[in-house]
Amino acid sequence: MSYDLEQENKEILSRYKDLISNTYRTLDEENNKLIRKAFDIALDAHKDQRRKSGEPYIYHPIAVAKIVATEIGLGATSIACALLHDVIEDSDYTYEDLKKIFGEKIAGIVNGLTKISIMNHQNISVQSENYRKLLLTLSEDFRVILIKIADRLHNMRTLESMAPDKQKKIASETVYIYAPMAHRLGLYNIKSELEDLSLKYNNPEIYNEITEKLELAKESRERYIEEFKKEVSERLHEEGLNFKIKGRAKAISSIYRKMLKQGVSFEEVFDNYAIRIIYKSDAKNEKFLAWKIYSIVTDVYHSNPSRMRDWITQPRSTGYESLHLTVLGPDRKWIEVQIRSERMDEIAEKGVAAHYKYKEGYKQSSDDRNFEKWVTEIRDVLEQQQDLSTSELLDNIKLNLYSKEVFVFTPKGEIKILPTNATALDFAFSVHSDLGMKCLGAKINGKLVPISYILQNGDQVDILSSQNQKPKSDWLEFVVTSKAKSKIKSYLNSQKNQLVEEGKEILQRKLRHAKINFNDEEINKLQKFFNLKSSQELFLKFQSNELDVSSLRKYIESKNVFNNLLSRFRKSPTKSQHFEEPKEENLDMIVFGKDEEKLNYSYAKCCTVIPGDKIFGFITISDGIKVHSDNCPNAINLRAQYDYRVIPAKWVNAESFKNRVKIEIEGLDRMGMINDITTVISGSMGMDMKSMSIESNNGVFTGNITLEVKNKGQLEETFKKLKSINGVSRVRRLQS
């Protein structure tokens, strides 16, 4: 393939100048020289490299550096590291070379980014210990994870040049790991874009449908915003306020989540866009002006008190500050209005991480201390939860990444921020680990309550403790914070360490007799085969003799079958005999892999698959190939964690197949409604109805119907006819 090198060099220089034009106003001459030096090294390192799209590779680090500078708001050190982030991995430059040229700090950050990048290229599952190392980069330098998020954002923006299976793998990993990280770092715009782009590749039909509908509604949305501006601006100008009003559509992924959660169509999501009022203010009058604007808006439009959110009086732990209210707008439809100062808007756009330690001239505030506290908690989790698998560890952290918050008070009146549904015991652990370990109960607003009491906003909490109290296993059923969980588990695990060691020795001996190596990989496989949550549980079962030689023999037999099957779908597949002859009736239904092989399979229980659905195969350790729908609730996790076991699948002869599908139907009850529904299903569509239950309450009915469906087309036509019945308001397919 030939390239116009002269034109490409001009484009490279143009992109670099664009990067500099976004930074020179905020950086001094020395910092700009640092960025130029990093650019020169990166240009030299990547001079012979190209991306999958055919573009010069240097386009990528320049784009990542621009995201770091403009969308996250980091300084010269981070911009230089972004330009250099692939240099160690992709060229002859070493860590020592960068250390000599730029110093230890920059070389260290680039080295941290290299470790993560190498893991991704090796296609290592998040089940592996390497992903624990990725998370441990948090405790080294937060700029590593911020630049990695920028790197992932640009890769997602340019994902179309990748193969479809790679697209789904990267998209699933993004929504599984990087979007929650961006959310917790306050990078809300980036978080939303990562989720939207992930939806684009994981569920393109839904993404395109919502995108088209948003585009069609764009003109009426802009007209609506202008009408709102006109009515509110006049009042704000009268008060001498300096402000701007802008509207924005909600994120596509956010709208889709509401559609799923509420079981409604796009048209029924009433708040799919929002209006933002951003005002100028000095520090002294910032809160006063926010409430003044709130008062003016609610004078013009009726507000919904139940949807009021005050993040100014008590900011989120990410530092996010804003007043959110929902008002009945010009067209008598509910719309969200956000009120914030320019400073608040900057933090909301770029995240508190951009201000944390690295931004010159930024004075540390209480928001930074909240953020620093969260960083410390994450480090504690990483250091203390050694007994968890990496997947469990990640889930634990994600729980705290996405959780909403509750604000409570200590007996001295100090505010504590905890996740929603946190208990009195979580509070005790947040004060001090020893207090949590000895917690007996609590006094909430002077009233005695159990340690499982769920905290409410404004509660004053006084913990009662005893030296004789010890953590119990049932505590894990109601605590929600990572710190509490890790401390309780750590204590409980210490009690059984001796038994675990005994079981470990027993298993070692048995594996030695079976001539199988005792290593982490083998232990993980054994753990999954016996459906156990941890290696400790595995060792304990061998110690108690619940598992014995006969159990191990079954594992060895299945291991041979699994290895034979998995080898077919590795990068260099070799033709081999099928491990088991497929059942005759399933022979022409689904084929797998690039060679479209006919293999034995069964359907996963976590989703309902019917012919016409987009599907994929998943190679289980003990139960052959399971077929999942692309929209399966577990699809994201399977692709993110075990991509090497996901195989392409396609339908061959769908017409001879029937499957049971459960649907939900709602509407206004009336005489003859059930007869109309059954007439459509059994008469018009000629379908077999296996079960039906209808409940009516105050004139509104809800029904669940199980149908025998031939294919997706038949189901969609049935939905269309059911929705046309007078009084039916909603019909949707239920996953198992």
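Quantities reported herein were computed from a predicted structural model and do not represent experimental measurements. The first residue in the sequence is number 1, and the count goes up from there. Heavy-atom basis, side chains included; hydrogens, waters and symmetry copies ignored.
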Are the side chains of [Y] and [X] in contact, using a 4.5 Å heavy-atom criterion?
X: Ile275; Y: Val327; result: no
X: Ile206; Y: Asn631; result: no
X: Ile35; Y: Tyr16; result: yes
X: Ile339; Y: Leu325; result: yes
X: Leu83; Y: Leu19; result: yes
X: Phe39; Y: Ile12; result: yes
X: Glu336; Y: Lys250; result: yes
X: Asn634; Y: Cys607; result: no

Which heavy atom in [X] sits nearest to a heavy atom in [Y], and how many Å separate them?
X: Tyr224; Y: Gly329; answer: OH-CA, 3.1 Å
X: Ser629; Y: Phe616; answer: O-CE2, 3.6 Å
X: Gln338; Y: Arg340; answer: OE1-NH2, 3.2 Å
X: Met156; Y: Ser198; answer: CE-N, 3.7 Å
X: Gly108; Y: Tyr95; answer: N-CE1, 3.8 Å
X: Ile106; Y: Ala80; answer: CD1-CB, 4.3 Å

**Request:** Only pairs at least two apart or in different chains count here, so list each salt bridge (Lys or Arg N to Asp or Glu O under 4.0 Å) that has a residue in residues 70-84.
**Result:** Glu71-Arg157
**Message:** Quick test of your reading: applying salt bridge (Lys or Arg N to Asp or Glu O under 4.0 Å), list the pairs with at least one residue in residues 49-69, sequence neighbours left out, ordered by first then second residue.
**Reply:** Glu8-Arg50, Asp18-Lys66
**Item:** Check against side chain to side chain contact (heavy atoms under 4.5 Å, CB included), Met181 and Lys148
**Value:** CA-CA 11 Å; Met181 282 290 182; Lys148 183 60 198 172; over 6 Å; no
**Prompt:** Around Lys650, counting heavy atoms of other residues, nucleotides and ligands shown, do more than 12 lie under 6.0 Å from its NZ?
**Reply:** no
**Prompt:** Which residues satisfy the side chain to side chain contact (heavy atoms under 4.5 Å, CB included) test with Lys200, sequence neighbours excluded?
**Reply:** Leu197, Tyr207
**Request:** Using the six-membered ring wherever Trp is involved, compare the ring planes of His60 and His85 and label them parallel, tilted or perpendicular (cut-offs 30° and 60°).
**Result:** perpendicular
Quick check: does any side chain N or O of [X] sit under 3.5 Å from a backbone N or O of [Y], one acting as donor and the other as acceptor?
X: Asp196; Y: Ala251; value: no
X: Asn111; Y: Ala107; value: no
X: Ser192; Y: Asn189; value: no
X: Ser486; Y: Lys483; value: yes
X: Asp426; Y: Thr481; value: yes

Set of residues satisfying salt bridge (charged side-chain N to carboxylate O under 4.0 Å, His left out) with respect to [X], sequence neighbours excluded:
X: Glu205; value: Lys614
X: Arg276; value: Asp345, Glu349
X: Glu215; value: none

**Asked** Should the pair Asp630-Arg639 be classified as a salt bridge under the 4.0 Å nitrogen-to-oxygen rule?
**Response** yes
Nearest-0.5 Å distance that lies between atom [atom1] in [X] and atom [atom2] in [Y]:
X: Asn155; Y: Leu194; atom1: CG; atom2: CG; value: 10.5 Å
X: Leu84; Y: Ile109; atom1: CG; atom2: CD1; value: 10.5 Å
X: Thr174; Y: Leu159; atom1: OG1; atom2: CG; value: 7.5 Å
X: Tyr178; Y: Arg152; atom1: OH; atom2: CZ; value: 5.0 Å
X: Ser341; Y: Ile347; atom1: OG; atom2: CD1; value: 8.0 Å
X: Met162; Y: Ser53; atom1: CE; atom2: OG; value: 10.5 Å

**Prompt:** What do the steps show when you test Tyr256 against Asn203 for side chain to side chain contact (heavy atoms under 4.5 Å, CB included), and what is the final call?
**Reply:** CA-CA 11 Å; Tyr256 182 49; Asn203 200 333; 3.5 Å; yes
**Prompt:** side chain to side chain contact (heavy atoms under 4.5 Å, CB included) between Ile58 and Gln49: does it pass, once the steps are laid out?
**Reply:** CA-CA 8 Å; Ile58 190 67; Gln49 293 175 321; over 6 Å; no
**Asked** So Lys169 and Tyr644, side chain to side chain contact (heavy atoms under 4.5 Å, CB included) or not? Walk me through it.
**Response** CA-CA 9 Å; Lys169 193 266 182 188; Tyr644 64 101; over 6 Å; no
